[in-house]
Amino acid sequence: MIKGGRPRIGVISDNPLQRHNISHALSGYGLDTSISGDPERLENIVSQTPPPVDCWILDLEDEDKWPDFLETLLNNTDIPILFGLGCAPEKSSE
């Protein structure tokens with residue numbers, strides 16, 4: 001994390017609307033999404049050293065479609081990964 005700065009949050013989801021809703025929810029808590037995309041787009045980024053984020057939020061609708069990506073993400077990072085367990089709140093949700 002950047003000293004004195006906010007954490008860099010990365011959002012990974014295979015659903016564009018879910019990525020947007022997660023980023024919007026993070027913004028509501030004063031956090032910024034530094035990178036967002038689907039596993040295919042972020043495949044090379046997740047294994048960078050140092051990683052481009054301080055925490056990943058991972059939410060996949062079809063985990064079976066991304067086994068190699070998940071293995072890379074889980075085996076090549078020491079940063080926290082928060083796993084999504086359902087739909088992100090809609091913009092109008094408190």
Side-chain angles (χ1 to χ4, degrees):
M1 183 182 326
I2 300 171
K3 291 183 180 180
R6 293 188 273 184
R8 300 171 300 165
I9 309 294
V11 176
I12 304 169
S13 178
D14 51 0
N15 180 317
L17 180 58
Q18 185 75 338
R19 286 193 306 269
H20 177 77
N21 287 342
I22 291 170
S23 294
H24 184 266
L26 289 169
S27 177
Y29 286 102
L31 298 170
D32 294 323
T33 302
S34 64
I35 191 167
S36 177
D38 63 36
E40 186 173 29
R41 180 176 170 262
L42 300 179
E43 190 169 9
N44 294 326
I45 294 173
V46 299
S47 59
Q48 287 181 2
T49 303
V53 298
D54 299 305
C55 175
W56 289 109
I57 295 178
L58 176 67
D59 186 86
L60 299 175
E61 290 182 357
D62 189 3
E63 292 177 15
D64 294 336
K65 186 177 176 182
W66 309 105
D68 294 336
F69 174 82
L70 288 171
E71 184 175 335
T72 299
L73 179 64
L74 295 172
N75 292 328
N76 292 324
T77 188
D78 292 329
I79 63 171
I81 303 169
L82 302 174
F83 293 88
L85 299 175
C87 291
E90 293 184 23
K91 285 185 179 183
S92 61
S93 174
E94 291 183 22

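Note: hydrogens, waters and symmetry copies are ignored here, and every other heavy atom, side chains too, is used.
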Working to the nearest 0.5 angstrom, can you tell me the gap between [X] [atom1] and [Y] [atom2]?
| X | Y | atom1 | atom2 | answer |
| --- | --- | --- | --- | --- |
| Asp54 | Ile79 | CG | CD1 | 7.0 Å |
| Ile35 | Leu42 | CD1 | CG | 5.0 Å |
| Leu70 | Leu60 | CG | CG | 5.5 Å |
| Thr77 | Trp56 | OG1 | CH2 | 8.0 Å |

For [range], which residue pairs qualify under salt bridge (Lys or Arg N to Asp or Glu O under 4.0 Å), counting only residues two or more places apart or in two chains?
| range | value |
| --- | --- |
| residues 34-52 | none |
| residues 68-80 | none |
| residues 12-22 | none |

> Can you name the nearest heavy-atom pair linking Val53 to Ile9, along with the distance?
Replying inline: CG1-C, 4.0 Å

> Which heavy-atom pair separates Phe69 from Leu58 by the least distance, and what is that distance?
Replying inline: CE2-CD1, 4.3 Å

> How would you list, by chain and number, every residue that makes a side chain to side chain donor-acceptor pair (under 3.5 Å) with Asn76, sequence neighbours excluded?
Replying inline: none

>> According to side chain to side chain donor-acceptor pair (under 3.5 Å), who are the partners of Ser23, at least two apart in sequence or on a separate chain?
In response: Thr33

> Under a 4.5 Å side-chain heavy-atom rule over Ile, Leu, Val, Met, Phe, Trp and Tyr, are Ile45 and Ile57 clustered together?
Replying inline: no

> Linking I/L/V/M/F/W/Y whenever any side-chain heavy atoms sit under 4.5 Å apart, do Val46 and Phe83 land together?
Replying inline: yes

>> So Trp66 and Thr72, do their side chains get closer than 4.5 Å, heavy atoms only?
In response: no

> Quick check: does any side chain N or O of Arg6 sit under 3.5 Å from a backbone N or O of Gly30, one acting as donor and the other as acceptor?
Replying inline: yes

> Excluding sequence neighbours, so at least two apart, what forms side chain to side chain contact (heavy atoms under 4.5 Å, CB included) with Asn15?
Replying inline: Ser13, Leu17, Gln18, Glu61

> Should we say atom CG of Asp62 is surrounded by more than 12 heavy atoms from elsewhere, each under 6.0 Å from it?
Replying inline: yes

